[in-house]
Amino acid sequence: MLDLKFIRSNPELVSTAVKNKNEKCDISALLELDEKKRKLQFDFDQLRAEQKKVSAEIPVLKKAKKDTTAIMADMKLIADKLKDINTELTETGNTLDALLMTVPNIPHPAVPLGGEENNKFIREWGTKKEFDFAPLDQMELTERNELLDLKRAAKMSGSGFVIYQGKGAELERALINFFLDFQVRKNGYTELWTPYMVNRTAMTGTGQLPKLEDDMYRIEEDDMFLIPTAEASVTNYYADEILAAGDLPKLFTAFSPCFRREAGSYGKDTRGLQRVHQFNKVEMVRFVHPDDSEAVLEEMVNNAEAILQALGLHYRVVMLASGDLSFASSKTYDLEVWAPGTGKYLEVSSISNFVDFQARRANIRFRDKDDKVKFVHTLNGSGLATPRSFIALIETWQNADGTITIPEALRPYLQNRAIL
RNA sequence: GGAGAGGUGACUGAGUGGUCGAAAGUGCGCGCCUGCUAAGCGUGUGUGGGGAUUAAACUUCACCGAGGGUUCGAAUCCCUCCCUCUCCGCCA
C-alpha cells in the first residue's frame, strides 16, 4: 500500500496513477475518512488521557480512606463516552484500511502510459529461427511425441489442466531442475520450498487481495488460497519482521505449482500449454535496500535472460505500460520468448519492482545504518515459468522428422541425451 | 478429532486488577578503565499513530498472539478465534 501521509500530500498524483493503471478508487473519499479518523483519534486520546489520570488517583484516595463514589460515577460517564468514540474510531479505521488496500502502486516515471499496445520494446536476443521445413506447433509436436495428455487431464480436472507424460514429463522435470539449479548455482539465490496454500493476510500482503479474489482458487473452509505464484509465500517469509542492517539483501528462489482460475480469459490464447489453470514456475524474490531496487530490477531481468540464452531461445524484453502493470508493481519487464511453430512471442517471465508497496502491506522492515526503521523494497520475477518455455523449446529445437533436439544446457538433466 | 500446557520487547524470562511499555538477565550502542582478545564499571537501548515544532528536545494515545467483553482502571478476570508444544486417537 501507499503511505497515507504521501497520499495526503499528493492527492492529484495518486489519483492520476490510479487512472493510468485503469484502477478505480476514490482518493478524496479516502482522504475524508482519514481526516475523520484523525479527529476521532484526537478526541479519544484526550478523553483517554483524562481517564487514565483520574484512574490513577483513585487508589491513592482509597488508601487515604476518602470517598470515591462520586468520582467513580463521573468516570463511568467518561468510560461510556470513550466506548462510543472507540466504536466509531474502529469502524472508520476499518473502512479506511479497506479503501487503502484498493489503492494501487504508482507507476515509475519511466513507465509508458497507456495499455498493452504501448508496452515498450527494450531489446532482444537472438533471432527468429529459420527452418528448411515447415515447423510444427506445440499441439502437433506434443501429440507426435506423446508429451501431454490434455484429454485425460480434462476428464478429471476440466479444461486448462495438463498431464505431462513420458518424455514430456521428463522434460518438464528437467526444466524445473535446470531452472532451480541455475538460480542457485549461477544467479546466487537461496532455495526455498514453501507452502502452496496461504491465508488471507499473506495474500493481502503481497497485493493479490483484495483485487484478485475471483482469480484464485479458494479453500472455503479454512479461508486459504492456492497460490497463483510462489511470490505469495516467499515474499511473506519476512512479514512482520524487522531485519538487521546487515541482513539485506536477501535473494530467494522457489519452485511451486501456480494455480489460476483465469476467470474471464476463456478462449484467449488457451491452446495447449499457453494458458492453463495449474502450471509450474521457478520464482525469484529479492528483499533489498531502497537505494538498490532500481539496479536490482535490471539484474533480475538479466538473471532470467541468462536462462533463455542458455537454452538458445530467441526472446525480447519489453517494459509494460502503466495500464498493463499489475496492481502492486511500479515497474515491470516482461520476457517474451519466440515460439516459431505458433508464430508468436509468449510471455515466460514478468519481473517487477514493487518498491515499498508490498513491504508496507506485509510490514517488512529493516533497520538502516542511521538506526531508523524503514520499509524494504521487494522485487520478484519468474525464472522461469515452464509451460511457455516448454512450447518455445520444443518448437525451436524441433527437427524435420518431428523429433526434438535437447539443448546442450539441458542434457545433464536428461541422461545426456541429444534427442528427447 | 480428544486431553493438557503455553503464547510478554532482538532473545531468555518475571509479572494474576491500579503509578506496567512492562523487573531481571542476555545481546546490542555509547563512555570509562585496562596498553592485545577477554573481563570490569557507568549509561543507554521497542514499534506505530496523533498534537506541537524550522528540526530536535517535547507531549499524548495505542500495542504483552488476534478480536470482543467486564471494570473508574486489564499484560493480569471472562468469551471467541488463531498459533506452538506434549500425550491419545484417526488417516497417509
Side-chain angles (χ1 to χ4, degrees), chain A residues 1-9 30-101 103 194-205 209 218-225 233 236-248 250 287 356-376:
Chain A
M1 64 187 163
L2 298 180
D3 183 2
L4 195 48
K5 282 182 198 157
F6 179 84
I7 301 178
R8 225 178 267 156
S9 43
L30 185 142
L31 289 176
E32 268 172 45
L33 271 173
D34 171 45
E35 196 163 333
K36 183 179 174 194
K37 186 192 160 193
R38 271 147 68 208
K39 168 95 172 51
L40 285 166
Q41 182 74 58
F42 185 80
D43 293 346
F44 180 86
D45 287 356
Q46 299 273 304
L47 208 55
R48 180 83 172 122
E50 190 188 338
Q51 184 189 52
K52 281 175 74 169
K53 193 169 132 242
V54 178
S55 290
E57 286 162 2
I58 288 177
V60 179
L61 292 174
K62 277 190 172 165
K63 211 165 261 175
K65 302 240 157 82
K66 297 250 174 67
D67 179 29
T68 57
T69 34
I71 295 177
M72 302 253 274
D74 281 354
M75 292 309 286
K76 175 71 181 158
L77 295 178
I78 288 190
D80 289 344
K81 184 146 191 223
L82 266 174
K83 196 166 285 179
D84 289 345
I85 296 178
N86 192 40
T87 304
E88 206 184 345
L89 181 60
T90 306
E91 273 171 20
T92 310
N94 288 344
T95 316
L96 179 63
D97 288 346
L99 209 51
L100 195 55
M101 284 300 162
V103 182
T194 55
Y196 303 149
M197 281 159 57
V198 304
N199 61 31
R200 185 169 285 277
T201 307
M203 278 304 183
T204 306
L209 289 177
R218 178 172 168 218
I219 291 91
E220 180 90 31
E221 198 172 355
D222 303 290
D223 202 24
M224 305 269 285
F225 297 84
S233 36
N236 277 290
Y237 185 88
Y238 284 125
D240 291 317
E241 293 191 33
I242 299 176
L243 303 177
D247 286 346
L248 295 177
K250 288 285 184 187
F287 302 84
D356 60 358
F357 189 84
Q358 290 182 324
R360 250 175 229 289
R361 292 182 158 234
N363 198 26
I364 305 169
R365 296 171 295 174
F366 74 105
R367 197 173 299 279
D368 207 350
K369 290 186 195 73
D370 61 8
D371 225 37
K372 289 222 166 74
V373 174
K374 298 172 185 169
F375 289 104
V376 303

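This is a predicted model, so every value here is computed, not measured. All chains are named by letter (A, B, ...) in the order of the sequence lines, taking the proteins before the strands, and each is independently numbered beginning at 1.
At the heavy-atom level, A:Lys53 lies nowhere under 4.0 Å from the strands shown. Within 4.0 Å of A:Arg8, counting heavy atoms only, lie sugar-phosphate atoms of the nucleic acid but no base atom. Looking at heavy-atom distances under 4.0 Å, A:Ala79 makes contact with sugar-phosphate atoms alone, never a base.
The gap from the C1' atom of B:rU19 to that of B:rU76 amounts to 16 Å, rounded to the nearest Å. Going from the C1' atom of B:rC72 to that of B:rC63 covers 22 Å, rounded to whole Å. Rounded to a whole angstrom, the distance from the C1' atom of B:rC79 to that of B:rG15 is 24 Å. B:rU60 and B:rG65 are spaced 26 Å apart, taking the P atom of each and rounding to whole Å. The same atom, C1', is picked in B:rC64 and in B:rG7; the two are 10 Å apart, to the nearest Å. Going from the C1' atom of B:rA5 to that of B:rG73 covers 30 Å, rounded to whole Å. Across B:rA74 and B:rC90, the matching C1' atoms stand 41 Å from one another, rounded to whole Å. Taking atom C1' on both nucleotides, B:rG46 is separated from B:rC28 by 13 Å, rounded to a whole Å.
Neither side chain, A:Arg38 nor A:Gln41, offers a donor N or O lying under 3.5 Å from an acceptor on the other.
Distances shown here put every side-chain N or O of A:Arg38 at or beyond 4.0 Å from the OP1 or OP2 atom of B:rG49. Taking side-chain N and O atoms only, A:Arg48 has no distance below 4.0 Å to OP1 or OP2 of B:rG49. Checking the phosphate oxygens (OP1, OP2) of B:rA62, no side-chain nitrogen or oxygen of A:Lys37 falls inside 4.0 Å. Between A:Gln51 and B:rG73, a side-chain N or O to OP1/OP2 separation shorter than 4.0 Å is present. Look at A:Arg367 and you'll find a side-chain N or O under 4.0 angstrom from OP1 or OP2 of B:rU47. Residue A:Lys39 places no side-chain N or O under 4.0 Å from the OP1 or OP2 atom of B:rG49. An OP1 or OP2 oxygen of B:rG48 is reached within less than 4.0 angstrom by a side-chain nitrogen or oxygen of A:Arg365.
One finds the OG1 atom of A:Thr204 at 11.0 Å from the CE atom of A:Met1 (value rounded to the nearest 0.5 Å). Atom OH in A:Tyr237 sits 9.0 Å away from atom CZ in A:Phe287 (nearest 0.5 Å). Between the CZ atom in A:Phe375 and the CG atom in A:Asn363 there is a gap of 5.5 Å [rounded to 0.5 Å].
At a threshold of 4.0 Å, the pair A:Arg8-A:Asp3 does not count as salt-bridged, since none of the basic side-chain nitrogens sits closer than that to a carboxylate oxygen. Salt bridge status for A:Arg360 with A:Asp356: present, with a side-chain N to carboxylate O gap under 4.0 Å.
To the nearest angstrom, P of B:rG68 lies 8 Å from CG of A:Asn86. For A:Lys81 and B:rC72, the NZ to C1' distance is 17 Å, given to the nearest whole Å. Put simply, CG on A:Asp222 is 10 Å from P on B:rG1, counting in whole angstrom units. Computed from coordinates, the A:Leu47 CG to B:rG73 P distance equals 11 Å when rounded to whole Å. Look at CG on A:Asp223: it is 12 Å from P on B:rC83, rounded to the nearest Å. Going from atom CG of A:Asp247 over to atom P of B:rA10 covers 14 Å, rounded to whole Å. To the nearest angstrom, P of B:rG69 lies 12 Å from CG of A:Asp80. In this structure, A:Leu82 places its CG atom 14 Å from P of B:rU71, rounding to the nearest Å.
In this structure, B:rG4 forms a base pair with B:rC85, meeting either the Watson-Crick or the G-U wobble geometry with both donor-acceptor distances under 3.5 Å. As the counterpart of B:rA92, no nucleotide is assigned, since no Watson-Crick or G-U wobble pattern has both distances under 3.5 Å. When both distances must be under 3.5 Å, the Watson-Crick or G-U wobble mate of B:rG18 is B:rC72. Using N1 to N3 plus N6-O4 or O6-N4 for Watson-Crick, or N1-O2 and O6-N3 for G-U wobble, each under 3.5 Å, B:rU45 pairs with B:rG27. When Watson-Crick and G-U wobble pairs are counted only if both distances are under 3.5 Å, B:rC32 pairs with B:rG40.
Heavy-atom nearest nucleotides on RNA chain B were determined for A:Gln46 and for A:Val60, and the one closer to the 5' end corresponds to A:Val60. With RNA chain B read from its 5' end, the first of the two nearest nucleotides for A:Ala49 and A:Lys62 is the one closest to A:Lys62.
Checking B:rG49, B:rC61, B:rU47 against the side-chain heavy atoms of A:Lys52 singles out B:rC61 as nearest. With B:rU47, B:rG50, B:rU70 as the candidates, the nucleotide lying closest to the side chain of A:Phe42 is B:rG50.
A donor N or O paired with an acceptor N or O is found under 3.5 Å between the base of B:rG49 and the side-chain atoms of A:Asp45.
Closest heavy-atom contact between A:Thr194 and A:Ser233: OG1-OG, 2.9 Å.
Within 6.0 Å of the CD atom in A:Glu35, the count of heavy atoms belonging to other residues, nucleotides or ligands does not exceed 12.
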